Amino acid sequence: MPSRFTLLEEKEMPKLCQLFSGSSGNSIFISSGGTKLLVDAGVSAKRLENALSDIGENAGELSAILVTHEHGDHIKGLRVLASRYDIPVFGDRRVIESLVQTGEITDGMHAESVTDNMELGGIEIIPFENSHDSVACLGYRLNMKNERSVSVCTDTGIITDSARETIVGSDLVFLESNHEITMLQNGTYPYNLKIRILSSRGHLSNEACSEFARELVNSGTTRIVLSHLSRDNNHPEIARQTTLSALSDAGFKENYDFRLRVSAPENCERAIVL
């Protein structure tokens with residue numbers, strides 16, 4: 001019987017979809033040539049199954065789940081989904097150990113530490129370090145079979161050197177644009193929570209996102225998907241306009257040099273095809 005990572009002969013264009021985004025749950029679907037991955041599983045297994053079905057995919061055909069870190073909005077459905085369909089789980093060694101301790105990874109589940117430049121079904125996976133208040137937090141660059149590349153960079157207070165070195169040149173980037181600083185400062189969150197979010201181990205602001213977006217487009221990135229927006233301290237149009245203005249001021253033209261999308265809390269659009 002062929003491995004679940006066996007390369008398929010059919011030439012399938014990469015298909016990408018942010019299924020869920022934000023503090024209520026996060027999950028991104030990425031496929032290329034028959035290899036189908038989730039980055040995070042932060043809502044219930046049932047909701048993940050339904051979201052995949054909505055874009056014509058089947059949870060039982062997933063090749064692996066890549067975990068960024070151990071916070072609940074990224075692993076809520078992990079144990080049930082991975083156990084139900086015998087899906088391998090990969091993540092930072094410290095995150096895997098933490099999930100074993102909390103019972104999110106149980107005996108019988110296939111869980112491994114992600115390694116530098118590992119390959120799953122023809123997709124090269126390059127992890128990089130983010131800066132977040134978790135036991136560890138990874139982002140991922142995925143180099144596809146058709147020489148296209150996709151990166152996921154969320155849950156980070158700053159753009160780390162590791163992230164910058166790895167992401168630059170990706171064709172498409174899911175990039176955190178979590179909060180508008182003034183909205184957060186003047187909002188109803190407790191002081192300690194505000195400090196946490198604004199810290200170097202918190203979440204990326206619209207302004208910081210827009211600055212890195214300029215670097216990305218200058219390096220050849222043509223698609224940016226703004227992700228992990230706060231429902232309380234941001235607004236989709238504010239996030240979009242902040243990055244759009246930064247790119248326009250740098251001389252880049254939307255729909256010519258780049259395309260910009262904002263992820264909804266729950267997917268309501270077609271998957272992106274590269």
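In this text, all values refer to a predicted model and were calculated from it rather than measured experimentally.
Legend: residues meeting side chain to side chain contact (heavy atoms under 4.5 Å, CB included) with Met183, ordered by chain and number and at least two apart, are Glu180, Ile238. Asn255 meets the side chain to side chain contact (heavy atoms under 4.5 Å, CB included) test with Arg259; sequence neighbours excluded. Looking at residues two or more places apart in sequence or on another chain, you find a side chain to side chain contact (heavy atoms under 4.5 Å, CB included) between Ser205 and His179, Ile181, Glu207, Ala208. Not counting sequence neighbours, Thr156 has no partner by the side-chain hydrogen bond (donor to acceptor under 3.5 Å, both in side chains) test. The side chain to side chain contact (heavy atoms under 4.5 Å, CB included) search around Glu254 returns Arg240, Leu244, Phe258, Leu260, not counting sequence neighbours. In this view, Asp92 and Arg94 satisfy the salt bridge (Lys or Arg N to Asp or Glu O under 4.0 Å) rule, not counting sequence neighbours.
A donor-acceptor pair under 3.5 Å links the side-chain atoms of Ser83 to the main chain of Arg79, judged by distance alone. Without hydrogens or angle criteria, Lys36 side chain to Ala59 main chain gives no donor-acceptor distance under 3.5 Å. Looking only at distances, a side-chain donor or acceptor of Ser219 sits under 3.5 Å from a matching main-chain atom of Leu216. A donor-acceptor distance shorter than 3.5 angstrom exists from the side chain of Lys15 to the backbone of Ile55, with no hydrogens or angles considered. Although no hydrogens or angles enter the test, the distance criterion places a donor-acceptor pair under 3.5 Å between the side chain of Ser245 and the main chain of Gln241. When atom types are taken as modelled, the side chain of Ser170 and the backbone of Val173 share no donor-acceptor pair closer than 3.5 angstrom. In this structure a side-chain-to-backbone donor-acceptor pair under 3.5 Å is missing from Tyr189 to Asn233. Glu70 contributes no side-chain N or O that, together with a main-chain N or O of Ser98, makes up a donor-acceptor pair within less than 3.5 Å. Lys145 contributes a side-chain N or O that, together with a main-chain N or O of Ser32, makes up a donor-acceptor pair within less than 3.5 Å.
Side chain to side chain, Gln18 and Ser263 meet the donor-acceptor criterion of an N or O pair below 3.5 Å. With hydrogens and angles left out, the side-chain atoms of Glu124 and Asn117 include a donor and acceptor closer than 3.5 Å. Side chains of Asn234 and Asn206: a donor on one and an acceptor on the other come within 3.5 Å. Using modelled atom types and a 3.5 Å distance limit, the side chains of Asp40 and Asn26 yield no donor-acceptor pair.
Two residues are said to be in side-chain contact when any heavy atoms from C-beta on lie closer than 4.5 Å; Ile28 and Cys17 fail this criterion. Between Leu226 and Ile224 there is a side-chain heavy-atom pair separated by less than 4.5 Å. A 4.5 Å side-chain heavy-atom check between Ile30 and Met144 finds at least one atom pair inside the cut-off. Within the 4.5 Å cutoff, the side chain of Pro14 has heavy atoms near those of the Asn146 side chain. Between Glu165 and Phe128, every side-chain heavy-atom pair lies at or beyond the 4.5 Å cut-off. Within the 4.5 Å cutoff, the side chain of Leu38 has heavy atoms near those of the Leu19 side chain. At least one side-chain heavy atom of Ser149 sits under 4.5 Å from a side-chain heavy atom of Arg141. Using a 4.5 Å heavy-atom threshold, the side chains of Leu81 and Leu62 count as touching.
Applying the ring pair (Phe, Tyr, Trp, His ring centres under 6.0 Å) test to residues at least two apart or on different chains, the pairs with a partner in residues 226-256 are His74-His228, His203-His228. Legend: salt bridge (Lys or Arg N to Asp or Glu O under 4.0 Å) pairs involving residues 263-274, not counting sequence neighbours, sorted by first then second residue: Arg47-Glu266, Arg261-Glu269. For residues 213-235, the pairs satisfying salt bridge (Lys or Arg N to Asp or Glu O under 4.0 Å) are Arg164-Glu215, with sequence neighbours left out. For residues 190-202, the pairs satisfying side-chain hydrogen bond (donor to acceptor under 3.5 Å, both in side chains) are Asp133-Arg196, with sequence neighbours left out. Counting only residues at least two apart or in different chains, salt bridge (Lys or Arg N to Asp or Glu O under 4.0 Å) contacts with residues 95-105 comprise Arg93-Glu97.
Linking ILVMFWY residues whenever their side-chain heavy atoms come closer than 4.5 Å, directly or via other members, leaves Ile167 and Phe174 in distinct clusters. Linking ILVMFWY side-chain heavy atoms closer than 4.5 Å, directly or via other members, places Leu16 and Leu175 in two distinct hydrophobic clusters. Tyr85 and Leu52 fall within the same hydrophobic cluster, defined by Ile, Leu, Val, Met, Phe, Trp and Tyr side-chain heavy atoms under 4.5 Å apart, directly or through other members. The hydrophobic cluster containing Phe212 does not contain Val225, counting ILVMFWY residues as joined when their side-chain heavy atoms lie under 4.5 angstrom apart, directly or transitively. Residues Val100 and Ile87 are members of one and the same hydrophobic cluster, defined by side-chain heavy-atom contacts under 4.5 angstrom among Ile, Leu, Val, Met, Phe, Trp and Tyr.
In terms of heavy atoms, Lys76 sits closest to Gly42 at CB-O, 3.5 Å. Scanning both residues, Thr35 and Leu120, for their nearest heavy atoms gives CG2-O, 3.6 Å. Pairing each heavy atom of Ser63 with each of Pro88, the nearest pair is O-CD, 3.3 Å. Across all their heavy atoms, Leu48 and Ala41 have their closest contact at CD1-CB, 3.6 Å. Closest heavy-atom contact between Ala239 and Leu229: CB-CD2, 3.9 Å. Of all heavy-atom pairs spanning Asp73 and Gly22, the tightest one is OD2-O, 3.8 Å.
The OG1 atom of Thr115 lies 9.0 Å from the CD1 atom of Ile125; values are rounded to the nearest 0.5 Å. A distance of 8.0 Å separates OG in Ser210 from CG in Leu247, rounded to the nearest 0.5 Å. Separation of atoms NE2 (His132) and CG (Leu204) is listed at 11.5 Å; rounding is to 0.5 Å. Here the NE2 atom belonging to His110 is positioned 12.0 Å from the CD1 atom belonging to Ile65, to the nearest 0.5 angstrom. Separation of atoms OG1 (Thr154) and CG (Asn178) is listed at 9.5 Å; rounding is to 0.5 Å. Residue Phe20 holds its CZ atom at 14.0 Å from OG of Ser227, rounded to the nearest 0.5 Å.
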| request: Go through the steps for Cys153 and Asn130 under the test side-chain contact (heavy atoms from CB on, under 4.5 Å), then give the verdict. | output: CA-CA 8 Å; Cys153 182; Asn130 281 328; 3.7 Å; yes
| task | Walk me through it: do Val150 and Tyr140 pass the test side-chain contact (heavy atoms from CB on, under 4.5 Å)? | result | CA-CA 8 Å; Val150 177; Tyr140 296 99; over 6 Å; no
| task | Tell me, with the steps shown, if Ile158 and Thr160 meet side-chain contact (heavy atoms from CB on, under 4.5 Å). | result | CA-CA 6 Å; Ile158 59 173; Thr160 65; 4.3 Å; yes
| task | Take Val89 and Met109 through the test side-chain contact (heavy atoms from CB on, under 4.5 Å) and record every step on the way to the result. | result | CA-CA 8 Å; Val89 176; Met109 288 176 63; 4.3 Å; yes
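Membership of an apolar cluster is not assigned to Ile126, as no side-chain contact below 4.5 Å to another ILVMFWY residue is traced.
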